[in-house]
Protein chains: 2
Amino acid sequence: MAEPSGEQLLYLTDEQLRQGIEAMFFAYRGFTADPDRILDELSYGRAHHRAVHFINCAPGTTVNNLLNILGVTKQSLNRVLRTLIADGLVESRVGRLDKRERHLYLTEEGKALEAKLSDAQRARMRAAYRKAGPEAVAGFRQVLEAMMDADMRRNYRALREPRT
Amino acid sequence: MAEPSGEQLLYLTDEQLRQGIEAMFFAYRGFTADPDRILDELSYGRAHHRAVHFINCAPGTTVNNLLNILGVTKQSLNRVLRTLIADGLVESRVGRLDKRERHLYLTEEGKALEAKLSDAQRARMRAAYRKAGPEAVAGFRQVLEAMMDADMRRNYRALREPRT
DNA sequence: CTTGGAATGTCAACAAGGCTGACGTACTGT
DNA sequence: ACAGTACGTCAGCCTTGTTGACATTCCAAG
């Protein structure tokens with residue numbers, strides 16, 4: 001894939017890049033629009049969505065682990081987790097091996113919300129993928145991955161792995 | 001490295017879509033990281049960046065027009081504009097045709113900041129584009145455009161048109 | 001010409017969700 | 001025993017979203 005086969009390797013004018021920047025801006029808004037609507041009705045915010053999403057991906061994850069993935073402070077995350085636990089969407093279990101740790105799980109209710117949010121977001125993603133075609137999707141993913149910070153790319157790849 | 005490039009057609013499993021969602025999340029963070037650092041030093045935020053960016057793209061635009069592009073309330077935008085005007089980065093001129101309107105322009109100082117932010121963001125975008133290759137970039141843009149809301153796509157395309 | 005309504009922009013106040021700092025508690029490993 | 005780690009929490013700040021109230025300006029109907 002790293003072989004450009006000549007072609008127009010260099011069409012990286014500032015104008016092209018600016019368009020990419022704006023596309024990213026508008027697309028991200030579309031990307032979050034559907035979940036945001038659902039969240040609003042429950043008086044939750046995007047922060048709750050992120051927490052629920054990653055707890056679902058990695059059941060039993062610790063608070064500290066989640067902190068690294070989300071890139072926020074523990075105070076900030078804790079505020080969100082507190083409401084999710086109080087509302088019975090997330091369960092926090094004291095670690096067996098290390099009792100200082102809290103392992104986080106979605107309850108059935110939590111899974112239901114996650115599914116609802118996920119479905120909405122996937123629907124848009126699926127529509128976009130269909131419209132653009134498989135090859136475009138491969139390119140899309142490559143550029144996104146190249147755009148991440150190195151340490152985030154590690155997190156991202158860790159989440160993609162089948163299982164350890 | 002284990003990136004599927006092109007071959008398989010219908011791989012729109014929920015798992016694949018979930019990966020796309022996460023890639024979008026992490027990539028957007030990388031995307032805004034560099035400007036955020038610059039902004040922080042000046043005690044501005046992302047909102048200032050967006051305003052400066054789009055005023056630069058469309059000099060003389062009205063507040064209302066900017067509102068539509070940015071998708072926030074006028075009160076929210078106004079707060080940001082007020083500080084930018086107070087700091088001498090943006091100039092607001094009363095409309096000649098319609099005196100209710102305010103036309104917005106970047107001052108020299110404003111243009112300097114815009115260039116600084118833009119350079120940082122473009123550098124990352126350029127690096128990602130280089131790494132992924134021209135074909136990936138085309139796919140990237142296609143998927144992003146398909147992911148926008150319809151009305152935002154209009155704004156996006158309007159901004160891509162040659163100058164008026 | 002007047003007047004009411006629409007459009008535009010400003011000010012005030014509030015909420016969500018970031019942040020830092022400080023501190024308490026429970027546990028771990030040396 | 002003790003230093004360090006993991007987590008929770010309180011207090012307070014900032015940015016940036018929101019609504020509500022209001023001033024100005026324009027325009028069109030009476």
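From a predicted model like this one, the values you see are computed outputs, not experimental measurements. The sequence lines fix the lettering, A, B, ..., with proteins before strands; numbering per chain opens at 1.
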Need one value for A:L97: base, sugar-phosphate or nothing, where a base atom within 4.0 Å counts as base even if backbone is also close, heavy atoms only.
sugar-phosphate

N or O in side chain of A:S76 less than 4.0 angstrom from C:dG17 OP1/OP2:
no

Starting at CZ of B:R37 and ending at C1' of C:dC19, how long is that distance when rounded to a whole Å?
17 Å

Taking only side-chain nitrogens and oxygens of B:T73, does any of them come within less than 4.0 Å of OP1 or OP2 of D:dT18?
yes

Heavy atoms under 4.0 Å is the rule here; annotate nucleotides 4-9 of chain D 5' to 3' with B where the base is hit, S where only the sugar-phosphate is, and - elsewhere.
BBSBBB

Rounded interatomic separation in angstrom, taking CG from A:L84 and C1' from C:dA16:
14 Å

Do B:Y105 and B:V63 share a hydrophobic cluster (ILVMFWY, side-chain heavy atoms under 4.5 Å, transitive)?
no

Ring pair (Phe, Tyr, Trp, His ring centres under 6.0 Å) with B:H53: which residues, sequence neighbours excluded?
none

To the nearest Å, how far apart are A:L70 CG and C:dG18 P?
9 Å

Can you see whether A:T62 engages A:R102 through a side-chain donor-acceptor pair at a distance of less than 3.5 angstrom?
no

Specify the separation, in whole Å, of atom CZ of A:R96 and atom P of C:dC27.
16 Å

Pick from B:E114, B:E109, B:E108: which one makes a salt bridge (Lys or Arg N to Asp or Glu O under 4.0 Å) with B:K111?
B:E108

Contact class for B:G71 (heavy atom, under 4.0 Å): base, sugar-phosphate, or nothing?
nothing

Can you tell me how the ring of A:F54 sits relative to the ring of B:F26, calling it parallel under 30°, perpendicular over 60° and tilted otherwise?
tilted

Can you tell me if the side-chain N/O atoms of A:H48 get under 4.0 Å from OP1 or OP2 in C:dA16?
no

Rounded to the nearest angstrom, tell me the gap between atom NE2 in B:H49 and atom P in D:dG17.
14 Å

In whole angstrom, give the distance that lies between atom CZ of A:R79 and atom P of D:dG12.
14 Å

About how many Å separate CG of A:D87 and OH of A:Y44, when rounded to the nearest 0.5 Å?
3.0 Å

Going through the checks in order, is the side-chain hydrogen bond (donor to acceptor under 3.5 Å, both in side chains) test met by B:H103 and B:S92?
CA-CA 6 Å; B:H103 297 273; B:S92 164; over 6 Å; no

Nearest-nucleotide comparison on DNA chain C, the residue closer to the 5′ end among A:V94 and A:V72:
A:V72

In whole Å, what is the span from the CG atom of B:L77 to the P atom of D:dG17?
9 Å

